[in-house]
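First comes the structure, then the notes that go with it.
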Protein chains: 2
Amino acid sequence: MEYALRDERALLEKYLRDRGLKMTRARETVLDAFLGLESHVSVEAVIEAARRLDPGVGQATVFRTVKLLVDAGLAREACHDDGSRLFEHAYNHAHHDHLTCTRCGAVVEFIDPDIERSQEAVYRRYGFRSSGHRLELYGVCPDCAAKDAE
Amino acid sequence: MEYALRDERALLEKYLRDRGLKMTRARETVLDAFLGLESHVSVEAVIEAARRLDPGVGQATVFRTVKLLVDAGLAREACHDDGSRLFEHAYNHAHHDHLTCTRCGAVVEFIDPDIERSQEAVYRRYGFRSSGHRLELYGVCPDCAAKDAE
DNA sequence: AGTCTATTGATAAGGGTTATCATTTACAGA
DNA sequence: TCTGTAAATGATAACCCTTATCAATAGACT
Ligand SMILES: [Zn+2]
Ligand SMILES: [Zn+2]
Ligand SMILES: [Zn+2]
Ligand SMILES: [Zn+2]
């Protein structure tokens, strides 16, 4: 965990140095805040976490830094829910799709090789070059279904 | 086509009557405007189309009515793009997924039985009851790829 | 330390959507 | 057809999330 944090910080530093940008205290704070949160967080949540580490961090800075993290490959936009976008860790967190419970909001991350393969076939069928996809399955999780049954 | 319009209007009227709502001129206008547009339209586009039929239609009314159309099963939210949501016809327009060119915005509607089947398997694997999904494939279409090659 | 430029945070502005509310309208019943 | 009542309308303001503006600050290099 400690090592992972260091890895990710080094990645961000390299990304910044490579393009003449600077590693600042605010960016450290936002990175730490983001890494300390679990998957699928809104910028709002990152703002709160960042201000727990350092009150006085501007929200504009958090928006800007999250965008940087995405560009640097440390974060990835997950499933922009209604309204606000959600982000998740991208470093050491391979591609996956989401199965979401529409009742309680529970999210299962899954990867299905058959689906991935079939998607490639669709790209070939229409002559498209692939550049990523988004698959969100919606349903009712076992827990919520059990509550219905009562 | 004429018949289809009548069908859809009858559907909306039934939907409204069943819950004590009223069929109004504004709702007729928005319905006609929406039906006159082709797939994947923003509310903005519906507002423009509606005002071509009847200037003075309030934008709030269009937003409200599009929501009604979705509830009535006449419209369906397609792929909420960056920012604004997009809607498409739902009546006599079976389920399908989207393959979108990230360069020119071209959209191919497709249905892949293998993918649909694999998705059902995912639902079973995690014990979820299915309630719909959203699959968006992104890539570069043949035309844009050809331009790249030049 | 000094210079130069990126970055910051407060604030305003932006775009899409929804809430408010006085007025108008649809529609069931008399 | 007339009326009463509740729903619907449209103008407007409010809302949320996000981005732009900008004077002040703080890295990174010499
Ligand atoms: Zn659930
Ligand atoms: Zn995820
Ligand atoms: Zn294209
Ligand atoms: Zn479509």
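Proteins come first, then strands; the chains are lettered A, B, ... in the order of their sequence lines, and each starts at number 1.
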With a cut-off of less than 4.0 Å, is there a side-chain N or O of A:S42 near OP1 or OP2 of D:dC17? no

Please confirm whether the shortest side-chain N or O distance from A:R85 to OP1 or OP2 of D:dC17 is below 4.0 Å. no

Using 4.0 Å as the upper bound for N to carboxylate O, is an ion pair formed by A:D148 and A:R103? yes

For the pair B:D97 and B:R134, find out whether any cationic side-chain nitrogen is under 4.0 Å from an anionic carboxylate oxygen. no

Interatomic distance, [X] [atom1] vs [N] [atom2] [rounded to whole Å]:
X     : N      : atom1 : atom2 : answer
A:K67 : D:dC17 : NZ    : C1'   : 12 Å
B:D54 : D:dG10 : CG    : C1'   : 12 Å
B:M23 : D:dT9  : CE    : C1'   : 15 Å
B:E13 : D:dA8  : CD    : P     : 14 Å
B:E28 : D:dA8  : CD    : P     : 14 Å
B:F63 : D:dT12 : CZ    : P     : 17 Å
A:L16 : D:dA28 : CG    : P     : 9 Å

Between A:F128 and B:C141, what is the shortest heavy-atom contact and its length? CZ-CB, 3.4 Å

Closest-nucleotide mapping onto DNA chain D: is B:G20 or B:V57 further toward the 5' terminus? I mean the 5' end. B:G20

What are the 5'-most and 3'-most nucleotides of DNA chain C lying under 4.0 Å from any heavy atom of chain B? C:dG16 to C:dC27

If you look at every strand shown and take non-hydrogen atoms under 4.0 Å, does B:T61 touch a base, only sugar-phosphate, or nothing? base

Contact class for A:Q59 (heavy atom, under 4.0 Å): base, sugar-phosphate, or nothing? base

Tell me whether A:Y123 contacts the main-chain N or O of B:Y138 through its side chain, where contact means a donor paired with an acceptor under 3.5 Å. yes

Residue list, side chain to side chain donor-acceptor pair (under 3.5 Å) with [X], at least two apart or on another chain:
X      : value
B:D114 : B:R117
B:H95  : B:E116, B:H133
A:D18  : A:K14

Interface polar pairs with nucleotides 21-24 of chain D, N/O, under 3.5 angstrom:
none

Sequence-distant partners of B:E88, salt bridge (charged side-chain N to carboxylate O under 4.0 Å, His left out), two or more places apart: B:R76

List the atom pairs, donor and acceptor, that lie under 3.5 Å between side-chain atoms in residues 41-53 of chain A and the rest of the protein, sequence neighbours left out.
unit_1, atom_1, unit_2, atom_2, d
A:S42, OG, A:A45, N, 3.1
A:R51, NE, A:V57, O, 2.8
A:R51, NH2, A:V57, O, 2.9

When the nearest nucleotide of DNA chain C is assigned to B:E44 and to B:L21 on a heavy-atom basis, which residue is associated with the more 5' position? B:E44

In one Ile/Leu/Val/Met/Phe/Trp/Tyr side-chain cluster, 4.5 Å: A:L86, A:L137: no

State plainly whether one hydrophobic cluster holds both B:V107 and B:F110, where clusters connect Ile, Leu, Val, Met, Phe, Trp and Tyr through side-chain heavy atoms under 4.5 angstrom apart. no

What residues, two or more places apart in sequence or in another chain, satisfy ring pair (Phe, Tyr, Trp, His ring centres under 6.0 Å) together with B:H40? B:H98

End axis versus end axis in the helix from C:dA1-D:dT30 to C:dA30-D:dT1, the angle rounded to 10°, five pairs used at each terminus: 30°

List, with names and distances, any nitrogen or oxygen atoms from the protein found under 3.5 Å away from nitrogen or oxygen atoms belonging to nucleotides 2-6 of chain D.
unit_1, atom_1, unit_2, atom_2, d
D:dA6, N3, B:K22, NZ, 3.1

Report, one line per pair, each donor and acceptor closer than 3.5 Å where one atom sits in a side chain of residues 60-69 of chain A; sequence neighbours left out.
unit_1, atom_1, unit_2, atom_2, d
A:T61, OG1, A:R64, NH2, 3.4
A:T65, OG1, A:T61, O, 2.7

Would you list the atom pairs, donor with acceptor, under 3.5 Å between side chains in residues 26-39 of chain B and any protein atom, with sequence neighbours excluded?
unit_1, atom_1, unit_2, atom_2, d
B:R27, NH1, B:K22, O, 2.7
B:E28, OE1, B:R9, NH1, 2.9
B:T29, OG1, B:R25, O, 3.0

Among D:dG10, D:dT18, D:dA8, find the nucleotide with the atom closest to the side chain of B:T24. D:dA8

